[in-house]
Amino acid sequence: NALFRKEITMEKALASDPVASPFCVYDCCANADGAACVILACEDIAGQSSKPVGWLDGMGCATASMSVLRRPNLVGLPSAEDAARAAYEMAGVKAKDIQVAAVHDCFTIAEIMVIEALGFFDVGKGGTGAESGETHIGGRIPINTSGGLKSKGHPVGATGVAQVIELVGQLRGESGDRQVEGAKVGLAQNMGGSGGSSVVHIMEVV
C-alpha cells in the first residue's frame with residue numbers, strides 16, 4: 001500500500017533538492033492522505049477469531065524535552081529508550097527477541113536513531129547495520145517491511161495504526177513478498193515532536 005513503489009538509485013537520491021543539510025528530498029517522508037483502522041477486543045472475544053490474533057504483550061510511553069538542544073545529545077532519543085524499556089519489561093522480552101519491527105522513519109536519520117534507541121544496534125552502529133543489510137527482509141532484524149514512512153507516506157493520524165496493521169500481517173504470515181519468515185514477535189515504535197514523545201508496542205501471534 002506504499003505511495004512510492006519505484007526503485008531509485010543512490011545517485012538520484014543524493015542529487016535531489018536539499019531540504020535541511022545534509023538531508024535532501026529523498027531523505028524525507030511525504031505528507032499524504034491515508035487512513036488505518038484496528039479492532040481491539042478483550043481476550044474472550046479475540047479468542048473466538050477464525051484468524052490468528054495479534055496479542056498486545058507490552059507497551060510503553062515516554063516523553064522528553066521537545067527541544068532537541070536540551071537533550072543529553074543531538075542524536076539520542078531518550079523517549080524511545082524509556083518507552084522501549086517499559087514495553088520490554090511488560091512483555092518479558094529483550095531487544096534480541098524481536099523478529100520484525102515498524103519504526104518511525106520520518107527522515108533517514110530518524111530510523112537510525114530509533115533502532116539504536118530500541119537496542120537493536122549499539123549507538124553509532126545503526127547506519128552501518130542498515131547499510132550491510134541487517135535491517136532488510138532476510139536480515140537479522142527486518143525494519144519497516146511496509147516501506148516505512150518514506151515509501152508509504154506519512155498521514156500523521158494514521159501512521160502508528162498502520163504500523164500495527166503491518167505487524168499483524170507479518171505475524172499472521174499474510175505479507176506476501178514482504179513476509180519475514182517465521183516472525184512471531186514484533187515491535188511498533190511511533191513518535192511525535194522530533195522524539196518529544198514516543199510509544200512502543202510489542203505484539204505476538206501464538
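Everything numeric here is computed off the predicted structure, so don't read it as measured data.
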Report yes if some heavy atom in the side chain of [X] is under 4.5 Å from a heavy atom in the side chain of [Y]; otherwise report no.
X	Y	answer
Val114	Asp105	no
Leu171	Val100	yes
Glu43	Trp55	yes
Glu204	Lys184	no

Exercise for the section: Step by step, work out the side-chain contact (heavy atoms from CB on, under 4.5 Å) result for Tyr88 and Asp97. Expected result: CA-CA 10 Å; Tyr88 289 146; Asp97 299 315; over 6 Å; no

Work out which heavy atom in [X] is nearest to a heavy atom in [Y]; give both atom names and the distance.
X	Y	answer
Ser194	Val68	CB-CG2, 4.3 Å
Gln179	Gln170	NE2-O, 2.9 Å
Gly34	Pro155	N-CB, 3.6 Å
Ala13	Tyr26	CA-CD1, 3.7 Å
Glu111	Val103	CG-CG2, 4.0 Å
Ser146	Ala2	O-CB, 4.0 Å

Would a single hydrophobic cluster contain both [Y] and [X], if residues Ile, Leu, Val, Met, Phe, Trp and Tyr are joined by side-chain heavy-atom contacts under 4.5 Å?
X	Y	value
Met203	Val205	yes
Leu118	Ile141	yes
Met191	Phe23	yes
Val168	Ile98	no
Ile202	Val164	no

Can any side-chain N or O of [X] pair as donor or acceptor with the backbone N or O of [Y] at less than 3.5 Å?
X	Y	value
Asn73	Gly76	yes
Ser151	Gly148	no
Ser79	Gly195	yes
Glu181	Gly138	no
Ser175	Arg178	no
Arg71	Ser65	yes
Glu116	Gly124	yes

Handout entry: Spacing of Asn190 atom CG and Cys106 atom SG [to the nearest 0.5 Å]
Key = 9.5 Å

Handout entry: Worked verdict on Val199 versus Cys61 for side-chain contact (heavy atoms from CB on, under 4.5 Å)
Key = CA-CA 4 Å; Val199 178; Cys61 179; 3.9 Å; yes

Handout entry: Other residues, nucleotides, ligands: >12 heavy atoms within 6.0 Å of Asp33 CG
Key = no

Exercise for the section: Please confirm whether Arg140 makes a cation-pi placement over Phe120, using NZ or CZ under 6.0 Å from the six-membered ring centre and within 45° of the ring normal. Expected result: no

Exercise for the section: Decide yes or no on side-chain contact (heavy atoms from CB on, under 4.5 Å) for Thr135 and Ile115, but give the supporting numbers first. Expected result: CA-CA 9 Å; Thr135 63; Ile115 61 179; 4.2 Å; yes

Practice task
Applying side-chain contact (heavy atoms from CB on, under 4.5 Å), run through Val200 and Arg85 and close with a yes or a no.
Solution key: CA-CA 9 Å; Val200 172; Arg85 190 177 302 113; over 6 Å; no

